[in-house]
Protein chains: 2
Amino acid sequence: MATVSRALNGRDNVAAEVRAHVQAVATRLRYVPHSAARSLITRRTQTIGALLPDMHGEFFSELIRGIDKAARAQGYHLLLSSSHGDADETAAALQAMLGRVDGLLIMSPHADPGFIEQHLPEDLPAILLNPVRGHTRLSALAVDNRAGAYAMTQHLVHRGYREIVLITGPKGNLDSEERLQGCLDALHDLLPEAVPQIVSGDFSEESGYRAGSLIARQSARPQAIFAANDSMAIGCLFALTEAGLRVPDDIALAGFDDIPTARFTQPPLTTVRVRIADLGGRALDQLLAAIANGGSAQQHSVQMLAPELVLRASCGMHSHAAAAPTHNPDTVSKKRAQAGPDARRTPHPAPKHR
Amino acid sequence: MATVSRALNGRDNVAAEVRAHVQAVATRLRYVPHSAARSLITRRTQTIGALLPDMHGEFFSELIRGIDKAARAQGYHLLLSSSHGDADETAAALQAMLGRVDGLLIMSPHADPGFIEQHLPEDLPAILLNPVRGHTRLSALAVDNRAGAYAMTQHLVHRGYREIVLITGPKGNLDSEERLQGCLDALHDLLPEAVPQIVSGDFSEESGYRAGSLIARQSARPQAIFAANDSMAIGCLFALTEAGLRVPDDIALAGFDDIPTARFTQPPLTTVRVRIADLGGRALDQLLAAIANGGSAQQHSVQMLAPELVLRASCGMHSHAAAAPTHNPDTVSKKRAQAGPDARRTPHPAPKHR
DNA sequence: AAGCATTCTGGAAACGTTTACATTCCACGC
DNA sequence: GCGTGGAATGTAAACGTTTCCAGAATGCTT
């Protein structure tokens, strides 16, 4: 028994001959170790849990892909729990995961410090995937919305656009607010005398359409529109096109996220690329590092993921060509956002098994 | 110990008073039963595994959502393993799940009978989520591509379109082939004298764009285009618009899938709605039924999910109105596809816990 | 009052692994 | 020849539940 365990787990103190024999027999009998029994004694499940909100579309799938890939690379499994409406549901889902995971990746609008304090055991490593409001003992990873919005606004100003309209996301949404703030900061820094015009939206394509209609009807049309996400930008684009305005000749347009459709609109959409899969992967790496650390030395660190500008025809790049998707290599401008003082790149810990 | 177990698990043979006390103490101590220990003795993990291919976008997230929601509703957890490139990776992922799940949902291009035979233990309940090629001992669930394509083609013909071009998906892809077959069947039944024109694509927006350009340049333009998925339809729409053709006045267009963007294009896209989340949810229900059955009585059944037509402006519905997304109620035509002889709706088994 | 059925409780085995510890074996140096 | 040390292997405890079974307590029947 003991020898079998040692042989299969690759310990060194077992004769080569015996090991070979054990392995041969094991494969012949299609032996699979009982993971519950193993977990019982090792106190490890080799599984991490992901607690996600009710999400749709590309963002969700990219995030999962990033997490899953990173997890598998390190021999970990992924226990998924998505689509939680309210805080109680989230709490229940967290509760249900408790014995089953070695660590937790949490992305939830309800994951405020009070919630964490109340529902998350002290000794369970966890990483937050939210823009963080207030302090918490947990580390967090987030997209640097402000840096992205700042950079895009800067780009628009540098291209000569002066009157820029901002279409915001829903009130109370942190991503939305940070993006707005980044725009305002840039406008304040670069065009101090300008009065920013703001149209409120809610991240939906429909709200972008409404905003676009509104803007198209204005007597004094702005020169550029910066929507807080791509969906709204695309809705807006439909409205503008419908109103007979040409983008970017009559009005420039930019979005945020770089969803796949962005490069196939007519004209292709200038936007801010968010590497979502990368975000998930990094979060997982950091979580595994915390687990390897015994969960004790969980320094509070907030890491920002710098987005990149993706410049396409909708803001005037290549505007002379009727850009076909085929012949439309993106112009990408990498923009390193300055990260917080305690942010740092988490080193990849060595894989634990095989 | 025994009494505590009984009290917490809601067995009947424990005094009400004692149970109350046990529960009080348990919550006070934040006691969470150790799932590994429980699994060890019960031989149940309360977890089902999902083995998915490397997928992008909305389809993936919808599928997960459906599975996850159904699983949670029945007190099951979801262990996810996605993004497997080749058959070996898939096999490894399957292997790694073996001890950890009570059942498996498999969607993989490699899940042919031979693969299943070789890698899946006999006694592990599993459901296939593929269009099935060849026979296997497993039950399967799939979208009824042929019925959907047939219905859409029928609709186009009924609207008076005679020359219809089909844009196909990638060669060898079963969804693609089934959809094509559905179209051809309908054309054969309804317009026996017509010679179907086929342009090949690969499900990508770009290939749709290329197909659209090609069609726009033709001297004898067809009256309608039916793309095998929405992405290609949208790419095609861009190409047509760019070429100065109006949809649907100059040419009608239809897609397949009803991805979210479909209702926001200009004009909104007529398409075949595939209820992906529903597919996932049903698959899970069927799997749990098989698990409850002890996995022994796994009758081989193939269940088809009937898609619905979603009629929007791109094929001429409401074509008089410049349809704004806001004022664009979908016209949905439910079309029950005739299911296979042994197909049936799986009843929901009662939840096992809480 | 004794026997019996019923309800509740507690003791202990069992699940399948890992690992601390004990044992065996062999080679080596004294 | 004997102790010492190291490598390989075996023994048994431990992990935290559930469940079988025995036993205690209670009420009911005869």
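Labels below follow one simple rule: chain letters A, B, ... track the order of the sequence lines, proteins then strands, and each chain is numbered from 1. Only this structure's heavy atoms are used, side chains among them; waters, hydrogens and symmetry mates stay out.
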Among Asp54(A), Ile276(A), Leu52(A), the one residue meeting side chain to side chain contact (heavy atoms under 4.5 Å, CB included) with Phe60(A) =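 Testing Phe60(A) for a side chain to side chain contact (heavy atoms under 4.5 Å, CB included) against Asp54(A), Ile276(A), Leu52(A) leaves exactly one candidate, Leu52(A).
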Heavy atoms under 4.0 Å is the rule here; annotate nucleotides 14-21 of chain D 5' to 3' with B where the base is hit, S where only the sugar-phosphate is, and - elsewhere.
-> BBBBBBB-
Short side-chain donor-acceptor distance under 3.5 Å, His34(A) and Arg43(B) |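 Arg43(B) vs His34(A): donor-acceptor pair found between side chains.
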Please check if any side-chain donor atom of Gln46(B) sits under 3.5 Å from a side-chain acceptor atom of Ser39(B), or the reverse.
->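 Absent: no donor and acceptor within the cut-off.
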If only atom types and distance count, is the side chain of Arg100(B) paired as donor or acceptor with the main-chain N or O of Thr45(A) below 3.5 Å?
->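 Yes, because the side chain of Arg100(B) sits within donor-acceptor range (under 3.5 Å) of the backbone of Thr45(A).
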Is the backbone of Arg11(A) close enough, under 3.5 Å, to the side chain of Asn9(A) for a donor and an acceptor to pair up by distance?
->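 No, the answer is negative, given that no donor and acceptor are paired below the 3.5 Å cut-off.
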When the distance from CG of Asn13(B) to C1' of dG10(C) is rounded to whole Å, what number comes out?
->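 Whole-Å distance recorded here is 13 Å.
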Atom pair distance, as rounded to whole Å: CD in Glu17(B) and C1' in dT7(C) |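 Rounding to the nearest Å, CD of Glu17(B) and C1' of dT7(C) are 14 Å apart.
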